[in-house]
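First the proteins, then the strands, lettered A, B, ... as listed; each starts at 1. For the numbers below, each heavy atom of this structure counts, side chains included, while hydrogens, waters and symmetry mates do not.
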Amino acid sequence: MATDIAGDAEANPPLPAPDDLDDNGFPTAAAGASSFADDFYRSGSDWSSLQASPWHQREPASGMNAKGGVSLVQSSLFQAWGIDKPPREEAAQGGSLVQRSLFQAWGIKKPFREEEAQVRAGAGVSSPSPSPSGARSGRKRRWGGAEENGAPAARKSIVCPFYKKIPGTPFTVDAFRYGAVEGCSAYFLSHFHYDHYGGLTKNWCHGPIYCTALTARLVKMLLSINSEYICPLELDTEYVIEGVAVTLLDANHCPGAALIHFRLSDGKTYLHTGDFRASKSMHLHPLLQSGRINLLYLDTTYCNPKYKFPPQEDVINFVVRTAQRYLKKQPKTLIVVGAYSIGKENVYLAISQALEVPIYTDASRRRILHSFGWPDLSKRISSCNQSSLHVLPLALVQHEKLKNYLETLNQRFLAVLAFRPTGWTFSETAGKELDLIKPSSRGRVTIYGVPYSEHSSFTELGYFLKFVRPQKVIPTVNVGDAANRDKMQAYFREWLKGL
DNA sequence: GCGATCAGCT
DNA sequence: CACAGCTGATCGC
């Protein structure tokens, strides 16, 4: 059979579901709303090979515990496959985790959901938006905005889009802004960036949140989520959750970011990339080498040939060399790296190591960075702003603001050299040499935009798809625009041709 | 007054 | 362009 791609134009529409569950195991939404299958087909795809029995009728997998929750079936896949891996901090102290109920380990008193504990209609999801697919003139999707006619829509009125649901399971990924999602009893968080955890507040009460241990620490620390909802999972360790084998893999994105691998009891395997940068090391992972992926949820942030950028290592070398050059010319130069809450750590860590200077940043970021538990990073963090390396919010990396910032450090520095690491500024100079990057200078402030991306480039996406050979692909980014969806689907088709 | 969310902006 | 937010205004309590 030819590879099916989400969005195939000549796909046949499905028969209407006979009851309140569609043939992928998702409850059909309230009247007027769309089911997973409806939305999937509407986006133009053949869904026929993904039939799965409804989740609430399936037999639990053998590893599932009596309470219908979670049990650990293998302590580590690396262990199981005889691959050497250094022990992680949590794993080292939690050896007994393997045998114990994870509910107990996480301090959960009772399972969140028994079979009948379906989300009540109207509990958190009110009547559906008239335009659920939200094609909004190229703007990023907004949630819960007032619709055109009449009174402002109730909050949380936007339903969870199908591409955040995992068919045949009661799972969603990065779907926290829709209140209680019908049929969902386990909410996965791929990584701690706002556009993925948005909607998670201290009042969260819709079900357990599964994520990596590092992400779990951030959720607890910064969002004040009741810790009984937070379920940290070790990387490369298979868990059985609601009868589905789940494994988190390093996503090579920001600290704590994970790919999520699902193996259903009927043998279907799905991979959700969250946000990721495809890398060679992923090709070595046992779970991605063995067997085919039936369905791939793909981070398509840069799924366009105009996005080309070098390996992160090359960019880091460029940044370090540039910093050294400026310091030689002017020893009283302040080096600034712009960054969001988490991500880009390796850029300033490399500068810190090469120049042998500590990393200064404000107290809130220091707290976040220390929470990673990375000794090489922690030991270089300083609370003294006399260091010549500062990490600032990206919003501050502008000429006027850096000029003001320099003045607050009265005379300690005479110039500022700042870096904005991002993927998309490089689209213009695509294919060019790093050394051709021209900084923007104004007075004593020099700013370099550098193509340091934590998402896959277009070519890396191509390599990844050819390696994974998914039967179907669901893009998860830039899906608001139909023309763009079609373009991406054409790329997928081309990459997978003949595989 | 307070926390959550929104439009606008980068 | 569109990353992953940030700022200031507004909403609901």
Using OP1 and OP2 only, check whether a side-chain N or O of [X] sits under 4.0 Å from [N].
| X | N | value |
| --- | --- | --- |
| A:Ser341 | C:dG5 | yes |
| A:His193 | C:dC3 | no |
| A:Lys202 | B:dA4 | yes |
| A:His253 | C:dA4 | yes |

Could you state the atom-to-atom distance from [atom1] of [X] to [atom2] of [N] in whole Å?
| X | N | atom1 | atom2 | result |
| --- | --- | --- | --- | --- |
| A:His455 | C:dA4 | NE2 | P | 3 Å |
| A:Phe192 | C:dA4 | CZ | P | 14 Å |
| A:Leu223 | B:dT5 | CG | P | 11 Å |
| A:Tyr197 | C:dA4 | OH | P | 12 Å |
| A:Leu222 | B:dG3 | CG | P | 16 Å |
| A:Ile368 | C:dG5 | CD1 | C1' | 13 Å |
| A:Arg277 | C:dA4 | CZ | P | 13 Å |
| A:Ile342 | C:dC3 | CD1 | C1' | 14 Å |

query = Between A:His390 and A:Tyr360, how do the two ring planes meet: parallel, tilted or perpendicular, split at 30° and 60°?
reply =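 Taking A:Tyr360 first and then A:His390, their aromatic rings sit tilted (interplane angle of 30° to 60°).
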Flag for [Y]-[X]: side-chain donor and acceptor within less than 3.5 Å:
| X | Y | value |
| --- | --- | --- |
| A:Asp275 | A:His193 | no |
| A:Ser382 | A:Ser387 | no |
| A:His285 | A:Asp236 | yes |

task = Enter the distance from A:Asp174:CG to A:Ser190:OG here, rounded to the nearest 0.5 Å.
result =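 Reported to 0.5 Å precision, the distance equals 3.5 Å.
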Which nucleotide wins on minimum distance to the side chain of [X], given the candidates [options]?
| X | options | value |
| --- | --- | --- |
| A:Ala395 | C:dC6, C:dC3, C:dC1 | C:dC6 |
| A:Asp275 | C:dA4, C:dA2, C:dC3 | C:dA4 |
| A:Tyr194 | C:dG5, C:dA4, C:dC3 | C:dG5 |

ask   = How is A:Val397 classified with respect to the nucleic acid when contacts are heavy atoms under 4.0 Å: base, sugar-phosphate, or nothing?
value = nothing
